[in-house]
J.: 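Take a look at the following structure, please.
Here is how names work: the chains are called A, B, and so on, in the same order as the sequence lines, proteins then strands, and each is numbered from 1.
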There are 2 protein chains.
Amino acid sequence: MKFERHDAIRELVAHSLVTNQDELRRKLRRRGFAVTQATLSRDIHALRLSKGPSGYVLPSTDVGNGAAENDGPPSVAEVLASFGLRIRQAMNQVIVGTMMGGAQPVAAALDFEEWPEVLGTIAGDDTVLVICADPRRATEVEMRLRAMLES
Amino acid sequence: MKFERHDAIRELVAHSLVTNQDELRRKLRRRGFAVTQATLSRDIHALRLSKGPSGYVLPSTDVGNGAAENDGPPSVAEVLASFGLRIRQAMNQVIVGTMMGGAQPVAAALDFEEWPEVLGTIAGDDTVLVICADPRRATEVEMRLRAMLES
DNA sequence: TCACCATTTGCATACTTATTCATTTGTGTT
DNA sequence: AACACAAATGAATAAGTATGCAAATGGTGA
């Protein structure tokens, strides 16, 4: 019966090291379950097991982020148009001033677009700090952001 | 450079669904990393990623210690292993990218350890800015942090 | 600069896992 | 019992991953 075999698989995976499906097949056979690798592949899928550096493991009980595929947060241009107030540059940094509460959305949009010149962003309530590799790139980013703000 | 590619892989795996190594290869290529599946297999092993029903996932090193024996706050090494995604350096600064919500714990751990090279830290939601006295010290800090991330 | 050594990478291929298709098995109905 | 139908399984094979080995790359000291 399939469900008894599933129980046995859970137990084997929980209490012993199972490196691959053929090893699992042999261990199951010793317990009286004689099935092929194909069936085990299906069982593992059904049991939602993961395979990692230490063999197969049971699905983690933690809350796990059900994060799915977003089809797209708002663009930097959009969010800047909504919240942006001023752009300044100093050394390798660009400082974006926004309306209160606008910094987080602006930073999120910047993060999402992953501009090559941008190493990282930090957002407060109304200020976003954009960090670049060097002053030249910071200027480049400043220009681009400013163009969006002006548009 | 290998480490930058590792950073990119961690980020892709953390923020998007990666079903297999060829998909990862294509996503990396779009970011400028052109390598073969063989290299990615090695990277995945090095990064200790697991593959489960929802594609590859980062190793879950839950910092939530059920055991009580841990006196002080978690170390930088621990908290980086849990939340760290990428390390970059520019001028006298080091930018640490983390999973959402991970910046504060990382910064707190850094503050607590009081590294001599670190003048201060600023944390947003998923980015920590570490400020050093000069580029040399920033590189030193970057190396140290990166070693912890790769461990 | 050049030579040297260690690391990293790609290629080819071995190994492992998933899937298709046909068959068997189980179950309820007449 | 015989049938019909769905679920489960095996065999073959496609799809995906890991690895030995040689070549390329990169860092280091003479």
J.: Using 4.0 Å as the upper bound for N to carboxylate O, is an ion pair formed by Asp7(B) and Arg146(B)?
T.: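 So Arg146(B) pairs with Asp7(B) through a salt bridge.
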J.: Considering just the side-chain nitrogens and oxygens of Ser41(A), establish if one lies under 4.0 Å of OP1 or OP2 belonging to dT17(C).
T.: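 It does not, given that no N or O in the side chain of Ser41(A) lies less than 4.0 Å from OP1 or OP2 of dT17(C).
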J.: By nearest heavy atom, map Thr36(B) and Asp22(A) onto DNA chain C; which one lands nearer the 5' end?
T.: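 That would be Thr36(B).
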J.: Does Arg5(A) reach a base, just sugar-phosphate, or nothing at all? Heavy atoms under 4.0 Å.
T.: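 Contact class for Arg5(A): sugar-phosphate only.
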J.: CG of Leu28(B) versus C1' of dG10(C): gap in Å, rounded?
T.: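 Whole-Å distance recorded here is 16 Å.
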J.: Under 4.0 angstrom, heavy atoms only, what part of the nucleic acid is Thr39(B) near: base, sugar-phosphate, or nothing?
T.: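 If one applies the 4.0 Å heavy-atom cut-off, Thr39(B) turns out to touch the sugar-phosphate alone, with no base involved.
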J.: Rounding to an integer number of Å, can you tell me how far Phe3(B) CZ sits from dG27(D) P?
T.: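 So the CZ-P distance, Phe3(B) to dG27(D), works out to 11 Å.
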J.: Figure out the CD/P separation between Gln37(B) and dG10(C), and round it to whole Å.
T.: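 Answer to the nearest Å: 11 Å.
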J.: Is the shortest side-chain N/O distance from Tyr56(B) to OP1 or OP2 of dG16(D) below 4.0 Å?
T.: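 For dG16(D), OP1/OP2 do not have a side-chain N/O of Tyr56(B) under 4.0 Å.
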J.: Please check the phosphate of dA18(C) (OP1 and OP2 only) for any side-chain N or O of Gln21(A) closer than 4.0 Å.
T.: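 Affirmative; the distance criterion is met.
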J.: Can you tell me which residue among Gln21(B), Arg42(B), Arg25(B) is in a side-chain hydrogen bond (donor to acceptor under 3.5 Å, both in side chains) with Gln37(B)?
T.: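 That would be Gln21(B).
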J.: Whole Å only: how far is the CE atom of Met143(B) from the P atom of dG27(D)?
T.: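 The answer, rounded to whole Å, is 10 Å.
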J.: Mind checking if Ala34(B) touches a base, just sugar-phosphate, or nothing, with heavy atoms under 4.0 Å?
T.: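 Since only primed, P, OP1 and OP2 atoms lie under 4.0 Å of Ala34(B), the category is sugar-phosphate.
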J.: From CZ of Arg25(A) over to P of dA11(D), roughly how many Å is that when rounded to an integer?
T.: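 After rounding, the reported distance stands at 11 Å.
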J.: When you check the side-chain N and O atoms of Lys27(A) and Ser16(A), is any donor under 3.5 Å from an acceptor?
T.: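 Judged by distance alone, the side chains do pair up.
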J.: Starting at CD1 of Ile9(B) and ending at C1' of dT9(C), how long is that distance when rounded to a whole Å?
T.: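 Taking CD1 of Ile9(B) and C1' of dT9(C), I get 13 Å after rounding.
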J.: In this structure, how many angstroms lie between the P atom of dT9(D) and the CD1 atom of Ile44(A), rounded?
T.: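 Ile44(A) atom CD1 is separated from dT9(D) atom P by 14 Å.
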J.: Ion pair present between Arg88(B) and Glu4(B), side-chain N to carboxylate O less than 4.0 angstrom?
T.: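 No, Arg88(B) and Glu4(B) are not salt-bridged.
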J.: So, OP1 or OP2 of dT17(C): does either fall under 4.0 Å of a side-chain N or O from Arg42(A)?
T.: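 Indeed not, no polar side-chain atom of Arg42(A) lies that close.
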J.: So does Lys2(B) get a side-chain nitrogen or oxygen closer than 4.0 Å to the phosphate oxygens (OP1/OP2) of dT9(C)?
T.: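 The answer is no; no side-chain N or O of Lys2(B) sits under 4.0 Å from OP1 or OP2.
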J.: Give the rounded distance in Å between these two atoms: CG of Asn20(A) and C1' of dT17(C).
T.: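 Those two atoms, CG and C1', are 10 Å apart.
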J.: Inspect the contact between Arg144(A) and Glu140(A) and indicate whether a charged nitrogen and a carboxylate oxygen are less than 4.0 angstrom apart.
T.: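 Judged by the 4.0 Å cut-off on N to carboxylate O distance, Glu140(A) and Arg144(A) do form a salt bridge.
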